[in-house]
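Accompanying notes for the structure given below.
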Amino acid sequence: MSLDALPGFREFYPSELAERNFIIDTWREVARRYAFVEVDGPPLEPLELYTRKSGEEIVGQLYSFTDKGGREVALRPEMTPTLARMVSAKANALRKPIRWFSIPQLFRYERKQRGRLREHFQLNVDIFGEADVTADAELLATAIDMMRAFGLTSSDVRARVSDRRLLRGLLVLTGITDEMLPGVYAVVDKLDREPRASLEAKLRAGGLHDVFIGRVFEVLKHPDLDTLRDRYGDVPELREDFTRLARYFECLEALGVRDWVEFDLSIVRGLAYYTGIVFELFDAKRELRAICGGGRYDSLLKQLGGTDLPALGFGMGDVVLGELLRARGRMPVWSPAVDVWVAYADAGLLDDAMRIARRLRDRGRSVEFALGGQQLSRQLKAASAAGAREALVLQPEELERGDAVVRRLDTGDETRVRLDEWIGAH
RNA sequence: GUGACCGUAGCUCAAUUGGUUAGAGCACCGGACUGUGGCUCCGGGGGUUGGGGGUUCAAUUCCCCUCGGUCACCCCA
């Protein structure tokens, strides 16, 4: 074929679609346990929904075009702006806190890489209208419980959490101003991936004096919470942040996920709109990209021109997660499954086979038979290949008497049955 | 967007220093075993060697361009 699928877009053959469905079904099931309800929005949105504010980072990677009506439109690169609009439109009518999840297919125009395509399915779980840290813990517990539902353990997957308010407070103490913060966040985000020298160079290029640079690294060399508290716990401006984080970990303990989580001040997340506790889930061996990321974005709804509601949420894509599940042997191997194969010894019995298939299908069974008049040995071979558990073998004389043979395809055992009774028992 | 490496049937790979109609295994379809499958044997379809151009008597093999893939960077979901 000369017309291949576009780069970065996937075709799902049966086994691949089965894997995708396994992931999505598990997401739905756990979201349901946590009492989140599912919503969805348009896959195509006005371009301005993303260019207006959101993150300017996204704009360069938008899958956008002009439609036939002259509108500038974009395939959705993320779900949050749509959700923000939906919440704002009915903010007064919706019971708070609003607990929503959605599983949109998202699109980005960028170079394909491992774990990163131009299209993916992403679970979004969000809570709107709750400012208390309990909601932050509930959200992370949901993400972690999903890992558990996939059969992964706390030695397969780790969660790292931080709080942008604490990080900001610590940096402000060192004399960093709000204008310098974005540049510093960008460097903090790369703390464990790049050598210190190149990070310092970046800060310097961002206009920071060496004095500040030294102080920034001084703060960041205490990644664990206890050390930070010992050192900065008495600072009045930070007291609230330490109290909140302590409560956060208490909640995580009560929700049963504490042992999956570690504090890491260097987690800031790329998106500019996060305002509070942020987190990432990643494989413990650090072989793959982040599995999931999220946090609190209290001011986003208002910034997008909607209601002023506190909000928090996370996104989890199917691509990295799928890679991890396969690598850890947690992805079910798909095989076809047919309940009953109706085989006929004589092509003249094909119509009888169809009538019997019809009756079994009416009863909800998955039934297949040879569409072309194949010889019996072919039919049974096909029945095995189709994953049929049993074959109903029709013979002219037996059928005349209302009998048939049921052959179990795994053991080869055969039993003679009264056809009507056997069908009725299904 | 930048850089490096790699492109032979659906998949995994062959093809002697460039040498005739590019082969094999698996998979698929069919035949043999003619009231019963998984084994075995036999056969079949399927490749303008990613595409285009160049060098040569001759290119899967050498050179250039292009497209695609992989990895890293960038950026992030």
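Just so we're on the same page: letters track the sequence lines, and every chain starts at 1. Everything numeric in this text was worked out from a predicted model, so none of it was measured.
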Problem set entry | ring-ring contact (aromatic ring centres under 6.0 Å, His included) contacts in which one or both residues fall within residues 375-399 of chain A, not counting sequence neighbours | none
Exercise. Of the nucleotides B:G37, B:U36, B:C75, which has the atom closest to the A:Lys381 side chain?
Worked result: B:G37
Exercise. Expressed in whole Å, how much space separates the P atoms belonging to B:G47 and B:A9?
Worked result: 11 Å
For this session: Toss me the dot-bracket line for RNA chain B: Watson-Crick and G-U wobble, both under 3.5 Å, 5' to 3', using | for pairs to another strand and [ ] for crossers.
Result: (((((((..((((.....[...)))).(((((.......))))).....(((((..]....))))))))))))....
For this session: Would you list the pairs meeting ring-ring contact (aromatic ring centres under 6.0 Å, His included) in which at least one residue belongs to residues 388-422 of chain A, sequence neighbours left out?
Result: A:Trp422-A:His426
Exercise. When we call it a touch if two heavy atoms are under 4.0 Å apart, what does A:Arg76 touch: a base, just sugar-phosphate, or nothing?
Worked result: nothing
For this session: Take the protein atom CD of A:Glu16 and the nucleotide atom P of B:C11, then report the distance between them rounded to whole Å.
Result: 12 Å
Exercise. With sugar-phosphate meaning primed atoms plus P, OP1 and OP2, does A:Gly412 contact a base, only sugar-phosphate, or nothing at under 4.0 Å between heavy atoms?
Worked result: base
Exercise. A:Glu398 has an atom CD; how far is it from atom P of B:U36, in whole Å?
Worked result: 13 Å
Exercise. Atom CZ in A:Phe282, atom CG in A:Leu288: separation rounded to 0.5 Å?
Worked result: 11.5 Å
Exercise. Which residues satisfy the side-chain contact (heavy atoms from CB on, under 4.5 Å) test with A:Thr82, sequence neighbours excluded?
Worked result: A:Pro42, A:Glu45, A:Leu49, A:Tyr50, A:Met79, A:Arg85, A:Met86
For this session: Return the set of residues passing side chain to side chain donor-acceptor pair (under 3.5 Å) with A:Glu179 (not counting sequence neighbours), or none when no residue passes.
Result: A:Thr177
Exercise. Considering only the P atoms, how many Å lie between B:C73 and B:G10, rounded to the nearest integer?
Worked result: 34 Å
For this session: Mark yes or no for a side-chain to base donor-acceptor pair under 3.5 Å between A:Arg108 and B:C76, with no hydrogen or angle criteria applied.
Result: no
Problem set entry | With sequence neighbours excluded, residues passing side-chain contact (heavy atoms from CB on, under 4.5 Å) with A:Ser15 | A:Trp334
For this session: Send over the distance from A:Leu288 CG to B:C76 P, rounded to a whole Å.
Result: 20 Å
For this session: Rounded to the nearest angstrom, tell me the gap between atom CD in A:Glu78 and atom C1' in B:C76.
Result: 11 Å
For this session: Could you state the atom-to-atom distance from CD of A:Glu390 to C1' of B:G37 in whole Å?
Result: 15 Å
For this session: Look at all strands and tell whether A:Leu409 reaches a base, only sugar-phosphate, or nothing, counting heavy atoms closer than 4.0 Å.
Result: base
Exercise. Is it true that A:Arg32 and A:Glu29 make a salt bridge, defined as a side-chain N closer than 4.0 Å to a carboxylate O?
Worked result: yes
Problem set entry | Atom-to-atom span, CZ of A:Arg408 to C1' of B:U36 - whole angstrom | 16 Å
Could I get a table of every N or O pair under 3.5 Å where one atom is in the protein and the other is in nucleotides 68-72 of chain B?
{"from": "B:U70", "atom 1": "OP1", "to": "A:Lys112", "atom 2": "NZ", "distance (Å)": "2.3"}
{"from": "B:U70", "atom 1": "OP2", "to": "A:Lys112", "atom 2": "NZ", "distance (Å)": "3.0"}
{"from": "B:C71", "atom 1": "OP2", "to": "A:Arg114", "atom 2": "N", "distance (Å)": "3.3"}

Problem set entry | Any donor-acceptor N/O pair under 3.5 Å between B:G37 base and A:Ser384 side chain | yes
Seminar exercise, completed: The complete set of side-chain hydrogen bond (donor to acceptor under 3.5 Å, both in side chains) pairs with one or both residues in residues 277-292 of chain A, sequence neighbours excluded, reads A:Gln113-A:Arg289, A:Arg160-A:Glu280, A:Arg269-A:Glu280
Problem set entry | Nearest-angstrom distance, C1' atom, B:U16 to B:G54 | 26 Å
Problem set entry | Separation of the C1' atoms in B:G7 and B:C65, to the nearest angstrom | 16 Å
Problem set entry | Pairing of A:Asp420 and A:Arg359 as salt bridge, 4.0 angstrom limit | yes
Protein-nucleic acid N or O pairs under 3.5 Å, nucleotides 27-30 of chain B:
{"from": "B:G30", "atom 1": "OP1", "to": "A:Gln374", "atom 2": "NE2", "distance (Å)": "3.4"}

Problem set entry | Euclidean distance for P, B:U49 against B:A32 (whole angstrom) | 36 Å
For this session: Let me know the distance between NE2 of A:His120 and P of B:C75, rounded to the nearest Å.
Result: 19 Å
Exercise. Taking only residues at least two apart or on different chains, which pairs with a member in residues 17-27 of chain A satisfy side-chain hydrogen bond (donor to acceptor under 3.5 Å, both in side chains)?
Worked result: A:Glu19-A:Arg326
Exercise. How would you list all residue pairs meeting side-chain hydrogen bond (donor to acceptor under 3.5 Å, both in side chains) that involve residues 129-151 of chain A, not counting sequence neighbours?
Worked result: A:Tyr34-A:Asp145, A:Arg99-A:Glu138, A:Asp132-A:Thr134, A:Asp136-A:Arg296, A:Asp145-A:Arg148
Exercise. More 5' along RNA chain B: A:Val393 or A:Val319, using each one's nearest nucleotide?
Worked result: A:Val393
Exercise. Going by modelled atom types, is there a donor-acceptor pair between the base of B:U36 and the side chain of A:Glu414 at under 3.5 Å?
Worked result: yes
Seminar exercise, completed: Taken in chain and number order and not counting sequence neighbours, the residues that satisfy side chain to side chain donor-acceptor pair (under 3.5 Å) with A:Asp259 are none
Exercise. How long is the line joining CG of A:Leu117 and C1' of B:C76, in whole Å?
Worked result: 13 Å
For this session: Would you mind checking if A:Asp413 and A:Arg407 are paired as a salt bridge, meaning a charged N to carboxylate O distance below 4.0 Å?
Result: no
Exercise. Is A:Asp318 paired with A:Arg10 through a side-chain N to carboxylate O contact shorter than 4.0 Å?
Worked result: yes
For this session: For A:Gln395, report the nucleic acid contact type (base, sugar-phosphate, nothing); a contact means any heavy atom under 4.0 Å.
Result: base
Exercise. Taking the P atom of each, how far is B:G45 from B:C39, in whole Å?
Worked result: 23 Å
For this session: For B:G43 versus B:U61, give the span between their P atoms, rounded off to a whole number of Å.
Result: 32 Å
Problem set entry | Position toward the 5' end of RNA chain B (nearest nucleotide), A:Glu119 or A:Thr411 | A:Thr411
Problem set entry | Inter-nucleotide P distance (B:A59, B:G50), Å rounded | 15 Å
